[in-house]
Amino acid sequence: MTSSPSKRMKIGDFLVRRLEEAGIRHLFGVPGDYNLTLLQQLHDNGTMKWIGTTGELNASYAADGYARLNGIGALLVTNGVGALSAINGVGGSYSEHVPVICICGSIPLRSIDRGLGMHHTMADATFDHFLDAYAPVTVARVRLTPRNAAAEIDRLILTAWREKLPVYMELPSDIAYLDIEVPAGPLVLADPPSDPERLRSCIDAIAGRLSAATSPAILVDADADRFGVAPELMELAERIQAPVAVINAAKAVIDETFPHYLGIYGGKASEPQVREAIETSDCLLSIGYRPIEVTTGDFTASLPVDTIHARGHSVDVGDDNYQAVTLKEVLRGVIDTVAPVRSRAPRHVAAAVAGTQADGSAKLTQAAYWRAIQSYLRPGDVLYVDNGTSFVLLGLKLPPNCTFIGSINWGSIGYSVGALLGALTAAPYRRHLLFVGDGSFQVTAQELSTILRHDHKPVIFLINNGGYTIERGYLGKTEPYNDIANWAYAALPKVLCPDTSARSFVVKTNGDLQSALSAPNDTMIFVESIMDSCDAPAAVISSSNKGAELDYGPRGPQQRDNLQLRPATHG
């Protein structure tokens, strides 16, 4: 038996090499004494770029945003204080199925072996606390040692990439410079081949069902993007003339100008034609469907009982479950097997939102604001949504080749600012548009300084309406707990980077907004729009009102008069 070629490398150098071979060119994080050995190796290596962030939480958001455009991302933190600061963002990556490698420079292996107390620990001579803390939010965890590093580094990187989930890797500070035997060949990111019989049987089962159907349809969740199968889904929809709808977490995964694209499906929250196409389909193919209240119109979604559920590595067709298959191979096989359909009865597709000309001197409202934004969008834009009134983005019609980045399932406010840094780093050649409210922005605003430091040129649209408007729809319409301090938001680029060329605008009228939208995007544009704290889009208010009923029940305080924002009534 011959062994694979090997060579000797320092553990830290091997880790950096493997990250680069996985396609990771940037590492986000905060330096700390336990991770400085690896940081020095990264610096000496010279090929991977360090992106220092203002905190570990933002680093985890940045790694997530980077991975969404790059396919995989990574961050570096220090033991305990850094690891726990980052865990919220890593939890979001787990919830949203984003492959992120969290590397923690940890206490020396010598101290673990001898039970020595160290700083950034609980001072209890127990050293697995943070490995345990990461168990619910990662698919794999390891403490590296000289004995396991060569195998475990490869295992964790491959697992993150294959499962589209985060992993956590502790690197003791005293082993990064130790030499070990490592594979000489490069790391190859690839799924193991499907089981031939299971693959063939699965393809035949799906193709048979689709061929026999008179009203097939396709429903897409975010995993279609994570596993890179959107092109196959559109090709299949074209081949069998089937409508395609998406869950709101999969906004823009399917080109919204695609002739068979219907819109967003969310139960009773859907447009009637979308709901009918999905709920009455006699063969619904769902991709990675994971229902929660915010993706199902508060649990009003009703998929056909015989829906085909396809996931990254398994498929349910009726009573049969197919394991050891990959989603891309399954869809490719179905496309090649199913007979093309010439035509079906046409279905109505929602038109783009009309852009009416607003009175330039009129005070800016949410309605006028989002109509103007619809007209501002361009093909290829990367759009970021944070929790709040910017959820209106879900209702806009996006041009081709746009990417939508949000924390729909996890819902962590402030996510978008860190994610913006990460995705800008991954794709600086695209136009990036951040839509954020003042409440969400205040959580992670300091990361704007890193964005400016690297001379990125996003367009940042911030709504200043005095606090947590989406929460006012749940509870506390005018209560002080939903208010926040008022900042001079448009002045922040100059405060954080005095020599910046960023263009800032304070917008109060429709005319002010049009002036800001006409500014050239050869530098950062920061648009602070002043709006009334009780002005919110009807869809956002309605969703918050329903959320309060689910959260608080029939005895909740939301039943009292004037404690919630309510949709405006007319007549």
Side-chain angles (χ1 to χ4, degrees), residues 9-20 22 24 26-46 48-60 62-63 66 73-90 93 100-114 116-123 125-135 137-138 140-150 152-157 160 166-180 182:
M9 285 187 75
K10 291 178 173 58
I11 292 173
D13 290 338
F14 178 64
L15 174 55
V16 171
R17 175 188 142 201
R18 284 311 207 208
L19 294 173
E20 292 175 344
I24 298 170
H26 302 82
L27 187 63
F28 301 90
V30 178
D33 60 322
Y34 293 135
N35 67 31
L36 289 177
T37 49
L38 183 65
L39 261 178
Q40 187 62 47
Q41 288 170 311
L42 183 145
H43 177 76
D44 291 341
N45 184 281
M48 182 179 291
K49 187 171 182 181
W50 171 248
I51 307 292
T53 59
T54 58
E56 291 90 354
L57 173 63
N58 288 349
S60 64
Y66 184 89
L75 69 151
L76 177 64
V77 300
T78 198
N79 196 74
V81 293
L84 292 188
S85 183
I87 199 169
N88 176 37
V90 176
S93 297
V100 166
I101 300 159
C102 182
I103 304 161
C104 177
S106 68
I107 60 177
L109 202 55
R110 176 191 66 253
S111 297
I112 295 174
D113 285 346
R114 295 177 175 179
L116 301 177
M118 299 290 292
H119 66 282
H120 296 340
T121 73
M122 302 304 187
T126 302
F127 303 108
D128 291 343
H129 289 309
F130 310 117
L131 280 166
D132 293 343
Y134 268 79
V137 298
T138 56
R141 296 151 301 286
V142 71
R143 175 179 294 126
L144 297 176
T145 70
R147 299 170 299 284
N148 71 16
E152 290 290 78
I153 287 170
D154 284 3
R155 181 178 74 88
L156 262 67
I157 295 174
V167 297
Y168 175 73
M169 185 185 300
E170 287 192 352
L171 175 64
S173 58
D174 61 346
I175 73 168
Y177 274 80
L178 298 183
D179 284 304
I180 60 171
V182 300

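Nothing here was measured: the structure is a model prediction, and the numbers come from that model.
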Checklist entry - Between Gln40 and Tyr177, does a side-chain contact (heavy atoms from CB on, under 4.5 Å) hold up when you go through it step by step? => result CA-CA 10 Å; Gln40 187 62 47; Tyr177 274 80; 3.7 Å; yes
Checklist entry - Would Glu56 and Val81 count as a side-chain contact (heavy atoms from CB on, under 4.5 Å) if you check the C-alpha gap in whole Å, the side-chain angles of each, and the deciding distance to 0.1 Å? => result CA-CA 9 Å; Glu56 291 90 354; Val81 293; 5.6 Å; no
Item to check | Crowding at NE2, His43 (>12 non-hydrogen neighbours, <6.0 Å) | outcome: no
Item to check | Heavy-atom side-chain proximity of Phe130 to Arg141 below 4.5 angstrom | outcome: no
Item to check | Exercise: identify the closest heavy-atom pair between Ile175 and Ile11 | outcome: O-CD1, 3.4 Å
Checklist entry - In Å, rounded to the nearest 0.5 Å, how long is the span from CG of Asp154 to CZ of Phe14? => result 4.5 Å
Item to check | Passing candidate, side chain to side chain contact (heavy atoms under 4.5 Å, CB included) with Ile103, options Ile153, Leu19, Leu156 | outcome: Leu19
Checklist entry - Considering all heavy atoms of both residues, which atom of Ser173 and which atom of Pro108 are nearest to each other, and what is their separation? => result OG-CG, 3.5 Å
Checklist entry - Taking Tyr168 for the side chain and Ala133 for the main chain, is one N or O donor matched with an acceptor at less than 3.5 Å? => result no
Checklist entry - Can you check whether Leu42 reaches Leu76 side chain to side chain, under 4.5 Å on heavy atoms? => result no
Next on the checklist: Which heavy atom of Val30 sits nearest to which heavy atom of Trp50, and what is that distance?
Outcome noted: N-CH2, 3.6 Å
Next on the checklist: Whether the side chain of Asn58 engages the backbone of Gly55 through a donor-acceptor N/O pair (distance < 3.5 Å, no angle test) should be reported.
Outcome noted: no
Checklist entry - If we only count heavy atoms from C-beta on, is the Asn79 to Met118 side-chain gap below 4.5 Å? => result no
Item to check | Nearest-0.5 Å distance, CG of residue Leu38 to CG of residue Leu27 | outcome: 7.0 Å
Checklist outcome for this item: For Cys102 and Val77, the nearest pair of non-hydrogen atoms, with its separation, is SG-CG2, 4.2 Å
Next on the checklist: Which residue in the set Asp132, Leu131, Val137 passes side chain to side chain contact (heavy atoms under 4.5 Å, CB included) when paired with Tyr134?
Outcome noted: Val137
Checklist entry - So which heavy atom on Ile180 is nearest to which on Ala150, and how close? => result CD1-N, 3.9 Å
Checklist outcome for this item: Taken to the nearest 0.5 Å, the spacing of Asn88 CG from Ser93 OG works out to 10.0 Å
Item to check | Evaluation steps, side-chain contact (heavy atoms from CB on, under 4.5 Å), between Arg18 and Val182 | outcome: CA-CA 11 Å; Arg18 284 311 207 208; Val182 300; over 6 Å; no
Item to check | Heavy-atom side-chain proximity of Arg155 to Val167 below 4.5 angstrom | outcome: no
Item to check | Audit row: His119, Tyr34, side-chain contact (heavy atoms from CB on, under 4.5 Å) steps and yes/no | outcome: CA-CA 10 Å; His119 66 282; Tyr34 293 135; 3.1 Å; yes
Checklist entry - When you measure from the side chain of Gln41 to the backbone N and O of Ala176, does any donor-acceptor pair fall under 3.5 Å? => result yes
Item to check | Leu109 side chain reached by Pro146 side chain, heavy atoms, under 4.5 Å | outcome: yes
Checklist entry - Is Asp113 close to Phe127 at the side-chain level, that is, under 4.5 Å between some pair of heavy atoms? => result no
Next on the checklist: As an exercise, state the distance from CG of Leu171 to SG of Cys104, rounded to the nearest 0.5 Å.
Outcome noted: 9.0 Å
Checklist entry - With side chains defined as the heavy atoms from C-beta onward, is the minimum distance between Arg17 and Asn45 less than 4.5 Å? => result no
Checklist entry - If every non-hydrogen atom of Ala160 is compared with every non-hydrogen atom of Ile101, which pair is closest and at what distance? => result CB-CG1, 4.4 Å
Checklist outcome for this item: One should read off an interatomic distance between Ile107 CD1 and Glu170 CD, to the nearest 0.5 angstrom, of 8.0 Å
Checklist outcome for this item: When rounded to the nearest 0.5 Å, the distance separating OG1 of Thr126 from CG of Asp128 is 8.0 Å
Item to check | Side chains of Thr138 and Val90 in contact at under 4.5 Å (non-hydrogen atoms) | outcome: yes
